[in-house]
Amino acid sequence: MQGLLKEFISIFPGIESFILMEPKMAIARIILILLGMFLCYLGYKHILDPLLMIPMGVGISMVNAGILIMPHTGEFGTMFLNALVETPAQHIDAFQIYFLQPIYALTFSNGLIACIVFIGIGSITELDFFIANPKMSLLLAIPAELGSILTFPIALMFGLTAAEAAAVSIIGGADGPMVLFASLQLARHLFVPIAIVAYIYLSIIYAGYPFMIKLLIPRRLRGVPMTDFKVTQVSSGEKIAFSIVTGSILCLLFPVASPLFASFFLGVIIRESKITRFIKFTDDVCLSGATLFLGFTLGCLLSADIMVDPILFKLIVLGFIALFLSGLGGIAGGLIAYKVSGGRINPLLGIAGVSCIPTTAKVVHKCAQEVNPQAFIMPYAMGPSIAGVITSAIIAACYITMIPQFTN
Amino acid sequence: MKFWLALKFALNIYIIATFITLLVLGVVNLIKKCTGGRKR
């Protein structure tokens, strides 16, 4: 009878693999399958960002359900991708078997996927308020990087190496592609858990930061309408000149992070040059396609062995600390700006400096509207938000360049 | 000891990043000055 049952189960390799693997791995698989479904549901309900959470949730659920004993190796694996291939011959073999292998090998290993997302972000970024009020935008973005800085020593205390600590600290910059790029450069072996933790937290920002705002910024300050500030229109020529000069200077200073700078400013220049065909391509194809495959591939990389690795818990805690400290720094910066400007600047703008464009700008606009329906601060919030992208990239570049010196 | 060293290193990065941010600010102001900072 038992032999018959065994034979019956062997018809379904996914179920058979559950029985053959260690119990703790089997439990982790079940948890991940349920987690994927839950993320998908949260994305569908727009509680978390659906653009990422739906493909990521589908990936997590289905990759953990579809585990089998691979006929050619005799080990557990999936038909999705194999992240462990190293030699060129293994790569060629893997291309024939795993359907996501080309995407992973050609766009993740070298950070190309992050750069494609950055081209797309650049092409939808409106620089008007940033260029019109650069001082306010950039000075608000600096304190909002507090999490990227203070998480580094905390992460070292958690037992991470300097490169791993720097990679997880970048979560404080609240910029998904930046986290992906930096973790690929600094701690390649941890890029999957770091990127997944970062993207889940970044999706939660929309729900989490309003609580922080309401707790730490008095109600009367949240409704400052900023009518004293005029949104001046900036010419395309100025925006293109800014992009090409700043991009070149940043590439000169930090060649290791030049792919990110080049991608972002290329997107901005395409937008400002009004090349309709390129704009359509970067927005519709690059950004949408890269976001879809980024979420799906990251989900497919989240296997049970990552789930049972104790480092995941540390990354979850550190990711929270990084974003919490950045939010705190942003609020402090906003309150200082409010005081210094004699009450003309809405302190909510500080939290818009935590990058995560355009989510934080939307969050602060919503919070201001709740208190004062006349407070249309969205255009003003976009300035610090864009400055946040630039400062996050600068800090990520500093870490990538200087970590070898710290290690020595 | 390790914590304070790491904090010092991180603060150094913060200072460098702040300087570069101010450099970016200088670039924006320079471009605005060159183009006459048109306003409508």
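Keep in mind that this is a model prediction, so the values were computed, not measured. Each chain gets a letter, A, B and so on, in the order the sequences are listed, and its residues count up from 1. Atoms considered below: every heavy atom in the structure, side chains included; atoms not considered: hydrogens, waters and symmetry mates.
- When all heavy atoms are compared, the tightest approach of B:Ala6 to A:Phe152 is O-CD2, 3.6 Å.
- Taking the side chain as every heavy atom from C-beta outward, A:Ile390 and B:Thr21 never approach each other to under 4.5 Å.
- For chain A, the option among B:Ile20, B:Val27, B:Leu30, B:Ile16 with the highest count of heavy-atom pairs below 4.5 Å is B:Ile20.
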Residues A:Ile403, B:Phe9; criterion side chain to side chain contact (heavy atoms under 4.5 Å, CB included); working and verdict: CA-CA 9 Å; A:Ile403 277 297; B:Phe9 173 77; 3.9 Å; yes
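- The minimum heavy-atom distance linking A:Pro153 with B:Ala10 is given by the pair CD-CB, 4.3 Å.
- Side-chain contact between B:Leu22 and A:Leu139: present, with at least one pair of heavy atoms (C-beta onward) separated by less than 4.5 Å.
- With a threshold of 4.5 angstrom between heavy atoms, A:Ala397 does not approach chain B through any atom at all.
- When all heavy atoms of B:Lys32 and A:Pro134 are compared, the closest pair comes out as NZ-CD, 3.6 Å.
- Shown here are the ring pair (Phe, Tyr, Trp, His ring centres under 6.0 Å) partners of A:Phe129, two or more places apart in sequence or in another chain: A:Tyr380.
- B:Ile31 CD1 to A:Thr246 OG1: the interatomic distance, rounded to the nearest 0.5 Å, is 5.5 Å.
- We find the CG-CE distance between B:Leu7 and A:Met157 to be 10.5 Å, quoted to the nearest 0.5 Å.
- For the atom pair CG of B:Leu23 and CG of A:Leu253, the computed distance is 6.5 Å after rounding to the nearest 0.5 Å.
- When B:Ile15, B:Leu11, B:Asn12 are each tested for a side chain to side chain contact (heavy atoms under 4.5 Å, CB included) with A:Ile149, only one passes: B:Leu11.
- With hydrogens and angles disregarded, no donor-acceptor distance shorter than 3.5 Å links the side chain of A:Lys135 to the backbone of B:Leu25.
- Around CZ of A:Phe158, the count of heavy atoms belonging to other residues, nucleotides or ligands within 6.0 Å exceeds 12.
- If you take CD1 on A:Ile394 and OG1 on B:Thr18, they are separated by 9.0 Å, rounding to the nearest 0.5 Å.
- Heavy atoms of A:Leu138 lying under 4.5 Å from chain B belong to its backbone as well as its side chain.
- Using a distance-only test at 3.5 Å, with no hydrogens or angles considered, a donor-acceptor pair links the side chain of B:Tyr14 to the main chain of A:Ile142.
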